[in-house]
Amino acid sequence: MIRHIVFFTARSAEDRDAVLSGLSLLTGNPHARLLEIGTNAKTDQLGNAVDFVVYGEFEDEAALAAYKAHPLYRRSIERVRPIREMRIAADYDTETAARRPV
């Protein structure tokens, strides 16, 4: 399984609702096993720069590629890119993830 995690920051406080609305389009994409859009509670004592988190689980790399090729993904990018400041993404395969000290 592939986990896809993306962090976003809105350009301004006024853009936060629009960023969340644009990201929420992704939840209609049929290629994810699970897809959540979370709003950062900003309770971490060391840093709270991130506004939103996209968390997705995919059967494999082909499912992730199909998700990224879907029209809803493109529509979300078109809405969010102009009003987001930061985007950091990471994908990893759960089969090769460390689950104990190495």
Side-chain angles (χ1 to χ4, degrees):
M1 181 178 69
I2 304 296
R3 287 200 173 118
H4 174 68
I5 304 168
V6 188
F7 298 99
F8 288 89
T9 301
R11 285 191 186 209
S12 69
E14 294 78 25
D15 290 329
R16 285 191 185 127
D17 287 343
V19 170
L20 179 58
S21 176
L23 291 174
S24 72
L25 294 173
L26 298 170
T27 62
N29 191 314
H31 299 287
R33 269 177 138 174
L34 171 70
L35 191 20
E36 299 174 337
I37 312 302
T39 300
N40 187 2
K42 298 193 176 188
T43 57
D44 187 81
Q45 62 194 23
L46 299 177
N48 291 299
V50 171
D51 292 320
F52 304 102
V53 178
V54 174
Y55 174 82
E57 294 180 355
F58 299 86
E59 290 297 328
D60 51 29
E61 289 183 25
L64 179 58
Y67 163 81
K68 291 180 177 182
H70 194 276
L72 284 174
Y73 185 84
R74 186 160 324 284
R75 191 172 341 141
S76 177
I77 289 172
E78 289 169 356
R79 286 181 57 181
V80 172
R81 183 178 281 159
I83 55 175
R84 66 134 165 105
E85 183 172 26
M86 183 264 303
R87 178 188 181 276
I88 298 174
D91 301 318
Y92 68 94
D93 188 331
T94 62
E95 294 298 317
T96 60
R99 293 176 189 234
R100 62 182 177 274
V102 290

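Heavy-atom basis, side chains included; hydrogens, waters and symmetry copies ignored. Position 1 is the first residue of the sequence, and the numbers go up from there.
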- From L34 atom CG to E36 atom CD, the distance as rounded to the nearest 0.5 Å: 4.5 Å
Minimum heavy-atom separation for [X] to [Y], with atom names?
{"X": "S21", "Y": "R79", "answer": "OG-NH2, 2.7 Å"}
{"X": "P82", "Y": "I77", "answer": "CD-O, 4.1 Å"}
{"X": "A49", "Y": "T9", "answer": "O-OG1, 3.1 Å"}
{"X": "G22", "Y": "S76", "answer": "O-OG, 2.9 Å"}
{"X": "N29", "Y": "Y67", "answer": "ND2-O, 2.9 Å"}
{"X": "D60", "Y": "I2", "answer": "C-CG1, 3.7 Å"}

- Query: Heavy-atom count around D44 CG within 6.0 Å, excluding the residue itself: above 12?
  - Reply: yes
- Above 12 or not: heavy atoms from other molecules or residues under 6.0 Å from CZ of R81? no
- Message: When you group the ILVMFWY residues by side-chain heavy-atom contacts below 4.5 Å and let the links chain together, are V6 and L23 in the same group?
- Response: yes
- Message: If we count only N and O atoms by modelled type, under 3.5 Å, do the side chains of T94 and R3 hold a donor and an acceptor together?
- Response: no
- State, without any angle test, whether D93 and T96 hold a side-chain donor-acceptor pair at a distance under 3.5 Å. no
- Message: So V80 and F8, do their side chains get closer than 4.5 Å, heavy atoms only?
- Response: yes
- Task: Kindly indicate, with the supporting measurements, whether the criterion salt bridge (charged side-chain N to carboxylate O under 4.0 Å, His left out) is fulfilled by D51 and R11.
- Result: CA-CA 10 Å; D51 292 320; R11 285 191 186 209; over 6 Å; no
